Amino acid sequence: MMGKATILVIDDEQAIRDSCCQVLIKEGYQTETAVDGDAGFRKTRELKPDLVLVDLKMPGMSGMELLEKIGDVDPNIVSVVITGYATIESAVEAIKRNAYDFLPKPFTPDQLRIVIERGLERRRLAIESARLQREKEMMKENFVTLVSHQLRSPLASVKQYLGVIRGGFAGEVEGKQKDMIERASKYIDNLLQLINDWLDMSRIEACNLSKKFEPVDLILILSETSQLLIPLADARKITIELNLHDNLPMVQGDRESLKQAFMNLISNGINYNRERGTVTVSTREEVNDLVVEISDTGIGISEDNLHFIFEEFFRVKSKETQGINGSGLGLPIVKRIIEAHNGSIRIASKVGKGTTFCITLPKKR
Ligand code: ADP
């Protein structure tokens, strides 16, 4: 704690106020006192003390009421309850209303010292943890800005230049050079995809997404995404089968991110399939939820690897996946999006047979 901690003692008994202050001043704390709940609340607002000792039974505003009000002034002010009528019920009630600890009367100076030290330590940790959280958010924000401006933008320009050179607009380019430029462009595409996936993931925060929630028709989203993926499926001779209900209720969600989630899942079903395989997208209605299943007849995932499948950057390394590009961020993005919609995602897979993702989303109420 920086400097001396300030402790406010709120009790209608003068003897308690005096004895507490005596012990606390000896320990080097700054003390203030108040004779009832109303005066205590006023002083809490003015002084913003580090810790407040609150008597539960006082004339006027009750200790319980005061506890809640102190929490509203500043949640980092630690409240410790002192009472002569300590019962389990009153302790539980006080803790529910924001008290950190409980000190039954009569108490010894040592008991008071211990409770105060513990309370102040808790305040220090809470403040430190909030500071670290803010720092982490700032670092993440700075990193996102760095990645999008300093990395993505120049890469996109390099890609454009390569396109111009390859097209012969900057002078003649012969066969071997064209091949090399093409390969370089592919590497840049993969890098850009990785950066975009990473940026998407950093931006998906449950609280940000829920601000954009609106009634969403899943059937429309599933048919649109499947339609968009037909060229990819055709190139790999894969059939997309849709098994969608006609009158499925709406979900409450963010259209674009749900599209992105299903896009990732269906494109995985295509990419990790075998030639002439199938990806089936089906929907089902349950009492409170809508269920979407995306099944493929592809290479499957072994049990060992299934445990890590939603981890960031995890990719299965095998003969079958060797030539397939990806960032290993697709499924973590899907999971974040679905969980931000209060839904869940499960996976079942058999090597050589295929994989099924089962997504559950709550119906719009
Ligand atoms: P990416 O596809 O970009 O590698 P994902 O997070 O979407 O990243 O998937 C992680 C890994 O999980 C993939 O690299 C792949 O090995 C495996 N995987 C995902 N979907 C399937 C699927 N439908 N069938 C088989 N393996 C899959």
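The analysis underlying the following values was restricted to heavy atoms, covering all of them including side chains, and did not include hydrogens, waters or symmetry mates. Whatever order the structure lists them in is the order used to number ligands and atoms, beginning at 1. Quantities reported herein were computed from a predicted structural model and do not represent experimental measurements.
Through chains of ILVMFWY side-chain contacts below 4.5 Å, Ile299 is grouped with Tyr272, Ile324.
Taking CG of Leu232 as the reference point, atom CD1 of Ile266 lies at 11.0 Å (rounded to 0.5 Å).
Using a 30° and 60° split on the angle between ring planes, His341 and Phe213 fall in the parallel class, below 30°.
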Pick out the protein N or O atoms lying less than 3.5 Å from any N or O of ligand 1, and list each pair with its distance.
| from | atom 1 | to | atom 2 | distance (Å) |
| --- | --- | --- | --- | --- |
| ligand 1 | 2 (O) | Asn268 | OD1 | 3.4 |
| ligand 1 | 2 (O) | Tyr272 | OH | 2.8 |
| ligand 1 | 3 (O) | Ser327 | N | 2.9 |
| ligand 1 | 3 (O) | Gly328 | N | 3.1 |
| ligand 1 | 4 (O) | Tyr272 | OH | 3.2 |
| ligand 1 | 4 (O) | Arg315 | NE | 2.5 |
| ligand 1 | 4 (O) | Arg315 | NH2 | 3.2 |
| ligand 1 | 4 (O) | Gly328 | N | 3.4 |
| ligand 1 | 6 (O) | Gly330 | N | 3.2 |
| ligand 1 | 6 (O) | Leu331 | N | 2.8 |
| ligand 1 | 7 (O) | Asn268 | ND2 | 2.8 |
| ligand 1 | 7 (O) | Leu331 | N | 3.4 |
| ligand 1 | 8 (O) | Gly328 | N | 3.3 |
| ligand 1 | 14 (O) | Tyr272 | OH | 3.2 |
| ligand 1 | 14 (O) | Arg315 | NE | 3.3 |
| ligand 1 | 16 (O) | Val316 | N | 3.1 |
| ligand 1 | 20 (N) | Asn268 | ND2 | 3.3 |
| ligand 1 | 23 (N) | Asp296 | OD2 | 2.9 |
| ligand 1 | 24 (N) | Thr355 | OG1 | 3.4 |

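Evaluation of the salt bridge (charged side-chain N to carboxylate O under 4.0 Å, His left out) test over residues 250-264, restricted to residues two or more places apart or in two chains, returns Glu214-Arg255, Glu224-Lys259.
No side-chain donor-acceptor contact under 3.5 Å links Arg17 to the backbone of Val35.
Residues meeting the side-chain hydrogen bond (donor to acceptor under 3.5 Å, both in side chains) test with His245, sequence neighbours left out: Thr283.
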